[in-house]
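We count ligands from 1, going down the list as the structure has it; atoms in each ligand are counted the same way. Keep in mind the model is a prediction, meaning the values are calculated, not measured.
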Amino acid sequence: IITMKDIVREGNPILNQVTEEVTIPPSEEDKETLICMMNFLKNSQDPVLVNKYKLRAGVGLSANQIGLNKRMFVAFLTDEKGIQHEYTLINPKIISHSVSMIYLPQSEGCLSVDREIKGFVPRYERIKVKGFNLEGEEIELKLSGYPSIVVQHEIDHLNGIMFYDRINKENPFQLPENCKSLY
Ligand SMILES: O=C(O)C[C@@H](Cc1ccccc1)[C@H](O)SCc1ccccc1
Ligand code: NI
């Protein structure tokens, strides 16, 4: 199973490069990997397993965070309305997005970053994403709010972008005018 020792930390160049597209349909090995990645997220949200395996909670994980140069990620989260979202996306592409932006007032964290970084991360409020699922079928997702933030954080990883790259260098709490808090 995936535990924290398998998670690559900042400083490893794989986190700063654009990852390679995955062959569709995904190989058995790629499917296995994605299932393990999703299980890590579920384990990381189970208090018993968190204690047993000393896991950090995660709502998203990209393949390059476990050292794989593959354009794929998983997300497992509960949104502001208490609805559960479970996504496995291969070769994801944001095909359109809102002009309006949102940010998490508590800033963002990252399983690959072992330090607290303060500052707001402006994200698109709504995104339309195209990609392929575990079966290799093309899927299109329309996301807003917290799920939209999580998926943008993961797609950034696949493009070698860390959340802190999006924090304003001069004033970490400065925001573009069309950006409002998620809550
Ligand atoms: O490092 C990762 O990619 C996983 C991040 C994803 C994330 C998405 C949006 C905003 C912040 C982080 C981890 O989930 S960070 C830990 C965490 C756990 C539960 C809720 C929020 C953040
Ligand atoms: Ni991250």
Could you list each N/O atom of ligand 1 together with any protein N/O atom closer than 3.5 Å, one pair per line with the distance?
from: ligand 1; atom 1: 1 (O); to: Gln65; atom 2: NE2; distance (Å): 3.0
from: ligand 1; atom 1: 1 (O); to: Leu111; atom 2: N; distance (Å): 2.8
from: ligand 1; atom 1: 3 (O); to: Gln65; atom 2: OE1; distance (Å): 3.2
from: ligand 1; atom 1: 3 (O); to: His153; atom 2: NE2; distance (Å): 3.1
from: ligand 1; atom 1: 3 (O); to: Glu154; atom 2: OE1; distance (Å): 3.2
from: ligand 1; atom 1: 3 (O); to: Glu154; atom 2: OE2; distance (Å): 2.7
from: ligand 1; atom 1: 3 (O); to: His157; atom 2: NE2; distance (Å): 3.3
from: ligand 1; atom 1: 14 (O); to: Val59; atom 2: N; distance (Å): 2.9

Considering residues at least two apart in sequence or located in another chain, which fulfil the ring pair (Phe, Tyr, Trp, His ring centres under 6.0 Å) criterion with Phe163?
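With neighbours one apart ignored, the set is empty.
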State, to the nearest 10 degrees, the angle whose vertex is the Ni ion (ligand 2) and whose arms point to NE2 of His157 and SG of Cys110.
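An angle of 100° at the metal.
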Looking at Asn91, Thr19, Asn64, Asp30, which one forms a side-chain hydrogen bond (donor to acceptor under 3.5 Å, both in side chains) with Lys70?
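That would be Asp30.
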Using the side-chain hydrogen bond (donor to acceptor under 3.5 Å, both in side chains) definition, which of the options Arg166, His153, Gln152 pairs with Glu108?
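Testing Glu108 for a side-chain hydrogen bond (donor to acceptor under 3.5 Å, both in side chains) against Arg166, His153, Gln152 leaves exactly one candidate, His153.
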Please determine which of Leu175, Ile167, Val121 meets the side chain to side chain contact (heavy atoms under 4.5 Å, CB included) test together with Tyr103.
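When Leu175, Ile167, Val121 are each tested with Tyr103, the side chain to side chain contact (heavy atoms under 4.5 Å, CB included) holds only for Leu175.
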Hydrogens and angles aside, do Glu10 and Tyr164 bring a side-chain donor and acceptor to less than 3.5 Å of each other?
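Checked: Glu10/Tyr164 side chains pair up, N/O donor to acceptor below 3.5 Å.
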Before accepting this row, confirm whether a basic side-chain N of the pair Glu116/Lys118 lies closer than 4.0 Å to the acidic partner's carboxylate O.
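Yes, Glu116 and Lys118 are salt-bridged.
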